[in-house]
2 protein chains.
Amino acid sequence: MDQSGSKVKLGSKECSAALTAVGDALYVIGGKWKLRIIIALSEGFTRFNELQRRVEGISARVLSNELKDLELNGFLVRTVQAGSPVVVEYKLTDYSDTLADVLNALRAWGTMHRANIKTRMKEATQATS
Amino acid sequence: MDQSGSKVKLGSKECSAALTAVGDALYVIGGKWKLRIIIALSEGFTRFNELQRRVEGISARVLSNELKDLELNGFLVRTVQAGSPVVVEYKLTDYSDTLADVLNALRAWGTMHRANIKTRMKEATQATS
DNA sequence: CTGTATCCGCCCGGATACTG
DNA sequence: CAGTATCCGGGCGGATACAG
């Protein structure tokens with residue numbers, strides 16, 4: 001089959017490295033909400049309630065926790081401007097830009113996969129009809 | 001409950017598309033184990049117990065469920081060869097190759113992030129010393 | 001070996017109410 | 001608006017025992 005190097009064949013060291021690296025990544029940006037929050041922020045939504053509306057399905061409690069977590073990991077900064085209405089803003093840091101490749105890959109794949117699923121369902125319909 | 005056509009109705013479609021696409025992706029390959037199992041499989045481990053040893057920390061029950069899920073989503077195929085010891089093998093499908101970019105991006109980022117954390121800790125040590 | 005079934009504790013996270 | 005506190009139910013997932 002792929003013995004003649006058709007697939008990516010890594011040495012055992014690089015293999016565990018892949019497992020470890022992806023594990024590290026998932027530990028920080030894994031979970032249901034982290035990346036979506038980052039996307040919403042990248043779209044220019046900075047306020048708490050804006051984000052909650054934008055990231056559909058998230059509760060205030062969870063959003064609050066996730067934001068703290070993201071701040072701890074250096075992806076965003078929380079700023080408070082005193083005033084008549086106190087303005088709290090969340091803004092992505094430069095470090096969050098390092099996720100660009102991950103985000104792009106995920107977005108591209110998600111788009112592709114959705115189209116693919118539709119095709120599968122159509123075929124299934126035809127086959128069972 | 002949002003009655004007003006909350007579907008794609010915004011001027012900037014790309015933004016909501018990103019959220020949807022990444023949401024789709026996370027729905028399928030999100031979670032603690034999926035990608036790690038795929039990596040282990042890509043390393044050539046095909047047997048159940050091999051995978052369980054390779055994907056550190058996963059229990060038999062969870063591994064079983066994840067494998068079913070991955071098979072349902074077309075990432076792998078389960079084959080059973082009858083014999084004195086029945087041989088069960090899990091093999092990645094071509095469709096799993098579409099995840100290459102995602103995996104590479106995640107691996108690269110995880111590696112970068114780990115190095116970055118080390119640097120931060122060093123600096124913190126120096127600052128407090 | 002390759003799983004499945006059952007029990008069960010724990011924690012995630014929704015709902016609600018409340019504060020500043 | 002921007003959260004926090006509390007309650008609490010469900011489910012995720014570990015441990016164990018068991019089946020093919």
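Predicted, not measured: the structure shown is a model, and the values here were computed from it. So you know, we letter chains A, B, ... as the sequences are listed, proteins then strands, and number each from 1. Excluded from the calculations below are hydrogen atoms, water molecules and symmetry mates; all remaining heavy atoms, backbone and side chain alike, are included.
Taking the six-membered ring where the residue is Trp, B/F75 and B/Y95 present parallel rings, their angle staying beneath 30° rather than reaching 60°. Between B/Y90 and B/F48, the ring planes lie tilted relative to each other; the angle falls in the 30° to 60° range.
A donor-acceptor pair is defined here as one N or O able to donate and one able to accept, closer than 3.5 Å; such a pair exists between the side chain of B/N73 and the backbone of B/D69. Of the possible donor and acceptor atoms, one in the side chain of A/R47 sits under 3.5 Å from a partner among the backbone N and O of A/V88. No donor-acceptor distance shorter than 3.5 angstrom exists from the side chain of B/E66 to the backbone of B/V62, with no hydrogens or angles considered. Panel note: side chain A/T111, backbone A/R107; a donor-acceptor pair is recorded below 3.5 Å.
Residues of residues 84-92 of chain A that place a heavy atom closer than 4.0 Å to DNA chain D, in numerical order, are A/V88, A/Y90.
Look at CD on A/E66: it is 18 Å from P on D/dA2, rounded to the nearest Å. Protein atom CD of A/Q52 is 14 Å distant from nucleotide atom P of C/dT16, rounded to whole Å. Atom CZ of B/R78 and atom C1' of C/dT4 are 12 Å apart (whole Å). For A/Q81 and C/dG20, the CD to P distance is 23 Å, given to the nearest whole Å. D/dC1 atom C1' lies 7 Å from atom CZ of A/R47, rounded to whole Å. Spacing between atom CD1 of A/I58 and atom C1' of C/dG14 amounts to 12 Å, rounded to whole angstrom units. What separates CG of A/L63 from P of C/dC12 is a distance of 17 Å, to the nearest Å. Between B/F48 atom CZ and C/dT4 atom P there is a gap of 7 Å when expressed in whole angstrom units.
When each of C/dT2, D/dC1, C/dT4 is scored by its nearest atom to the side-chain atoms of A/R53, the top-ranked nucleotide is D/dC1.
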Anything under 3.5 Å between a protein N or O and an N or O of nucleotides 15-20 of chain D, put it in a table, one pair a line.
none

Contact list (N/O, under 3.5 angstrom) for nucleotides 9-11 of chain C vs protein:
none

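Side-chain contact between A/L41 and A/I37 is present, with at least one heavy-atom pair separated by less than 4.5 Å. The shortest side-chain heavy-atom distance between B/L19 and A/R54 falls under the 4.5 Å cut-off. The side-chain heavy atoms of B/V28 and A/H113, taken from C-beta on, include a pair separated by under 4.5 Å. Contact of the A/L26 side chain with the B/K32 side chain is not registered, since no non-hydrogen atoms from C-beta on lie closer than 4.5 Å.
Among the atoms of the strands shown, none is found under 4.0 Å from any heavy atom of A/K32.
Comparing B/N49 and B/N65 by the nucleotide of DNA chain C whose heavy atom lies nearest to each, the residue mapping closer to the 5' end is B/N49.
B/N116 and B/R120 share a side-chain donor-acceptor pair at under 3.5 Å.
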